[in-house]
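The next block holds one structure in the form of structure tokens; read it before the comments.
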Amino acid sequence: MSNSLTNPCTDFVKDMLTGSPAKELKKAVADRIPKLPKNVHWAIKAIVEPYPEDRQEAMALMALPFLGMMGGDARFLYRNREEHHLGFECCLVGEQSIGKSALMRMQNVLISKVIEEDNETRQKSDEYADACLAAGEGQEKPKDPHYGTRIMMPSTTKAQFYQNIKNLKGKRAIIVCPEIDSLNVPNNWSRDGGANERLMFDTEVGGQDTKSHAGTSARVPVAVNLATSGTPKAVKHHYKNAEDGLVTRVGFCSFPQDIDEEAEERSRTKTNMETLLKIQDILLSEVKGDVISIPQLKQQQLDWCAQQKTVSEISGNQSINTFRKRAAVMGFRAGCALYLLDGKKLRRKTLEFAQWVSEYVLYFQLKYFGEQMNESIEENAQMMQVPVFARSSNAWVFCQLNNLFYYCNVEDAYAQMNLKATGYRTVVARWIKNGWVEKIGKDRFRKTEMGLQICRQMSYEAS
């Protein structure tokens with residue numbers, strides 16, 4: 001690499017991109033919000049039918065926690081003999097008054113039968129409480145029937161959280177939180193560093209022990225789904241750490257920036273309501289049985305996941321490699337839910353929707369947490385004192401730049417690769433902070449000895 005730089009914005013980036021992965025990346029990584037398949041599955045079509053077209057993708061994703069909760073008794077076989085439940089955690093991100101309340105209206109029609117059952121359960125629970133009060137001093141109180149509701153309130157305490165799951169005896173529950181910052185209160189079920197939310201995704205065993213018989217002692221599979229919404233600031237406050245594994249378990253979504261604010265949500269027709277009742281009947285009738293195997297769906301998702309690993313290695317964006325695995329899982333589980341709705345038959349529309357879910361989830365995870373994840377990867381590499389920076393974010397661009405370069409060279413390199421260049425100034429600032437680059441003039445930079453060593457290491461590994 002030459003140290004001369006007579007014209008800081010020449011086409012040297014075109015030369016460095018000989019054999020560039022630009023075309024492959026364009027095919028594999030969405031540069032805009034992935035659109036729903038044109039001929040979408042009948043259940044998804046019915047769910048999103050009333051919403052304006054520019055909001056249907058987000059509402060299709062937000063329907064998954066509800067579908068998964070209703071079909072929660074089923075288990076499906078994935079890679080390495082893993083048994084997967086229909087666990088989903090989804091978050092709708094949007095500014096105030098942009099229409100996030102559509103989530104609650106969808107809940108009211110999509111799980112109306114569960115709402116009715118829970119209302120009956122709460123009435124019985126109130127009657128039990130009244131009977132206990134009426135018993136009076138010295139009289140025998142009625143035996144606790146241990147009622148549980150499938151729709152849990154966001155304000156649920158940790159003790160109530162585990163007691164309710166225990167009372168449900170394996171049935172899957174859901175928490176719907178229209179304002180995610182309402183979870184940020186003392187003694188809330190989520191105030192444990194995200195531990196419960198991580199357990200929920202894989203239905204892993206969790207619980208708590210008590211020193212008193214009056215408390216709640218439980219050790220149960222955390223079979224709970226989560227549907228939330230909130231402003232960007234509130235969501236960022238809740239998901240503070242990209243490295244703790246929580247954001248990789250959440251399907252984020254938002255309405256497009258150019259949303260038609262005048263478009264209105266239409267009323268559901270009688271036929272549409274009948275279809276939603278059919279969806280509930282099918283999923284709620286599912287009982288725990290043998291683990292279900294869907295080889296073609298499984299293989300499609302694993303192939304997609306492998307493809308994203310290649311994209312990550314070629315582009316140098318390590319966050320793709322981190323996010324891709326659980327994005328593939330979410331797509332797999334979405335396909336499993338539709339598989340149940342089709343009478344346990346695999347349709348092409350199910351495969352298309354499953355892959356769309358993975359692409360959609362990956363797009364928004366990268367959009368909201370990609371840079372933060374890459375920073376964590378680089379910090380870990382520096383702490384371990386190993387030159388893995390060559391395989392992390394922006395490495396391909398960094399190692400192909402001249403020893404002396406300008407901001408515009410970095411920006412041009414991103415543009416030539418069909419990647420967004422919006423964060424290139426932040427990237428260069430991080431290179432300076434980590435000691436890979438030094439600033440030698442206005443908008444002019446030079447690689448340090450450490451930076452050159454990284455480039456040599458990457459060249460050696462590539463050979």
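Just so we're clear, the structure is a prediction, and the values are computed from it rather than from any experiment.
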Quick check for you: to the nearest 0.5 Å, what is the distance between I259 atom CD1 and Q257 atom CD?
9.5 Å
Walk me through whether E352 and R348 qualify under salt bridge (charged side-chain N to carboxylate O under 4.0 Å, His left out).
CA-CA 6 Å; E352 291 176 350; R348 178 177 57 83; 2.5 Å; yes
Pair E49 + R268, salt bridge at N-O below 4.0 Å:
no
Output the distance between atom CG (D258) and atom CG (D54), rounded to the nearest 0.5 Å.
7.5 Å
With a 4.5 Å cut-off on side-chain heavy atoms, are V361 and R326 touching?
no
Has R333 got its NZ or CZ under 6.0 Å from the middle of the six-membered ring of F201, at an angle within 45 degrees of the ring axis?
yes
Taking the ring of F369 and the ring of F364, is the distance between their centroids below 6.0 Å?
no
Do D118 and R122 come close enough that some side-chain heavy atom pair is under 4.5 Å?
yes
Determine whether a donor-acceptor pair (N or O, by modelled atom type, separation under 3.5 Å) exists between the side chain of N196 and the backbone of D192.
no
Separation of N164 CG from K171 NZ (nearest 0.5 Å)
12.0 Å
Check the pair E265 / R105 against salt bridge (charged side-chain N to carboxylate O under 4.0 Å, His left out), numbers first and verdict last.
CA-CA 10 Å; E265 183 180 327; R105 289 191 295 276; 2.7 Å; yes
Short N-O contact, K233 and D181, less than 4.0 angstrom
no
Under 3.5 Å donor-acceptor, K158 side chain and N187 backbone
no
Side chain to side chain donor-acceptor pair (under 3.5 Å) for D303 and Q307? Distances and angles first, verdict last.
CA-CA 6 Å; D303 290 344; Q307 181 190 33; over 6 Å; no
Using modelled atom types only, decide if a donor and an acceptor are shared between the side chain of H41 and the backbone of A43 within a distance under 3.5 Å.
yes
Minimum heavy-atom separation for R150 to V114, with atom names?
CB-CG1, 3.8 Å
Which atoms form the tightest heavy-atom contact between A135 and K141, and what is the distance?
CB-CG, 3.9 Å
Okay, side chain of S285, backbone of D281: is any donor-acceptor separation there less than 3.5 Å?
yes
Looking only at heavy atoms, the pair that brings R198 and G245 closest together is CD-C, 4.4 Å
I'd like to check C253 versus E57 (side-chain heavy atoms, cut-off strictly below 4.5 Å). Are they in contact?
no
Counting only heavy atoms from other residues, nucleotides and ligands, does the tally under 6.0 Å from CD of E264 exceed 12?
no
Taking all non-hydrogen atoms of both residues into account, name the closest pair between I165 and P221 and its distance.
CG2-O, 3.5 Å
Do the side chains of I33 and Y363 get nearer than 4.5 Å, heavy atoms only?
yes
Compute whether any side-chain donor of one residue and acceptor of the other, for E359 and Q355, lie under 3.5 angstrom apart.
yes
Determine whether I175 and V224 make a side-chain contact, defined as any pair of heavy atoms from C-beta on separated by less than 4.5 Å.
yes
If you count every heavy atom of other residues, nucleotides or ligands that lies below 6.0 Å from K169 atom NZ, does the total exceed 12?
yes
With K35 as the cation and W356 as the aromatic partner, state whether NZ or CZ is under 6.0 Å from the six-membered ring centre and within 45° of the axis.
no
Can you check whether T157's main-chain N or O pairs, donor with acceptor, with N188's side chain at less than 3.5 Å?
no
Examine Y78 together with F332 and report whether their ring centres are nearer than 6.0 Å.
yes
Do P52 and D260 make a side-chain contact, defined as non-hydrogen atoms from C-beta onward lying under 4.5 Å apart?
no
Starting from the C-alpha separation in whole Å, work towards a yes-or-no answer on side-chain contact (heavy atoms from CB on, under 4.5 Å) for C336 and L86.
CA-CA 8 Å; C336 291; L86 296 183; 3.8 Å; yes
For E89, is there an ion pair with R249 - N to carboxylate O distance below 4.0 angstrom?
no
Answer yes or no: is there a side-chain heavy-atom contact under 4.5 Å between T275 and N272?
no
If you draw a 6.0 Å radius around CZ in R347, do more than 12 non-hydrogen atoms from other residues or ligands fall strictly inside?
yes
Heavy-atom side-chain contact between T203 and V222 under 4.5 Å:
no
For residues L92 and S254, report the shortest heavy-atom separation together with the two atoms involved.
CD1-CA, 4.0 Å
Any donor-acceptor pair under 3.5 Å linking the side chain of D202 with the backbone of E204?
no
Short N-O contact, D342 and K349, less than 4.0 angstrom:
no
If you measure from CD1 on I47 to CD1 on I279, what distance do you get to the nearest 0.5 Å?
4.5 Å
So, N119 versus Q123: side-chain donor-acceptor pair below 3.5 Å or not?
no
Crowded around Q96 CD? As in, over 12 foreign heavy atoms under 6.0 Å?
no
Could you tell me whether F76 and H84 have their ring centroids closer than 6.0 angstrom?
no
SB check R75 E286 (cutoff 4.0 Å):
no
Heavy-atom donor-acceptor pair, W189 side chain to P154 backbone, under 3.5 Å:
yes
Heavy-atom neighbours of R266 CZ exceed 12 at 6.0 Å:
yes
Hey, is the main chain of Q308 close enough, under 3.5 Å, to the side chain of S312 for a donor-acceptor pair?
no
Taking atom NE2 of H237 and atom OG1 of T231, what is their separation to the nearest 0.5 Å?
11.0 Å
So S358 and Q301, side chain to side chain donor-acceptor pair (under 3.5 Å) or not? Walk me through it.
CA-CA 8 Å; S358 295; Q301 295 306 108; 2.8 Å; yes
Could you walk me through whether E197 and H238 satisfy the side chain to side chain donor-acceptor pair (under 3.5 Å) test, starting with their C-alpha distance in whole Å, then the side-chain angles of each, then the deciding distance to 0.1 Å, before giving a yes or no?
CA-CA 11 Å; E197 290 171 70; H238 186 75; 3.2 Å; yes
Any donor-acceptor pair under 3.5 Å linking the side chain of T149 with the backbone of M152?
no
Quick check on E82: does its CD atom have over 12 non-hydrogen neighbours (other residues, nucleotides or ligands) under 6.0 Å away?
yes
Could you walk me through whether S155 and S182 satisfy the side-chain contact (heavy atoms from CB on, under 4.5 Å) test, starting with their C-alpha distance in whole Å, then the side-chain angles of each, then the deciding distance to 0.1 Å, before giving a yes or no?
CA-CA 8 Å; S155 57; S182 65; over 6 Å; no
Short question: side chain of Q365, backbone of V247 - any donor-acceptor pair under 3.5 Å?
yes
Considering all heavy atoms of both residues, which atom of S229 and which atom of P178 are nearest to each other, and what is their separation?
OG-O, 2.6 Å
State the OG-CD distance between S112 and Q280, to the nearest 0.5 angstrom.
3.5 Å
So for atom CG, which belongs to D130, do other residues, nucleotides or ligands contribute more than 12 heavy atoms lying within a distance under 6.0 Å?
yes
Examine Y368 together with Y239 and report whether their ring centres are nearer than 6.0 Å.
no
Does Q296, at its CD atom, have more than 12 non-hydrogen atoms belonging to other residues, nucleotides or ligands within less than 6.0 Å?
no
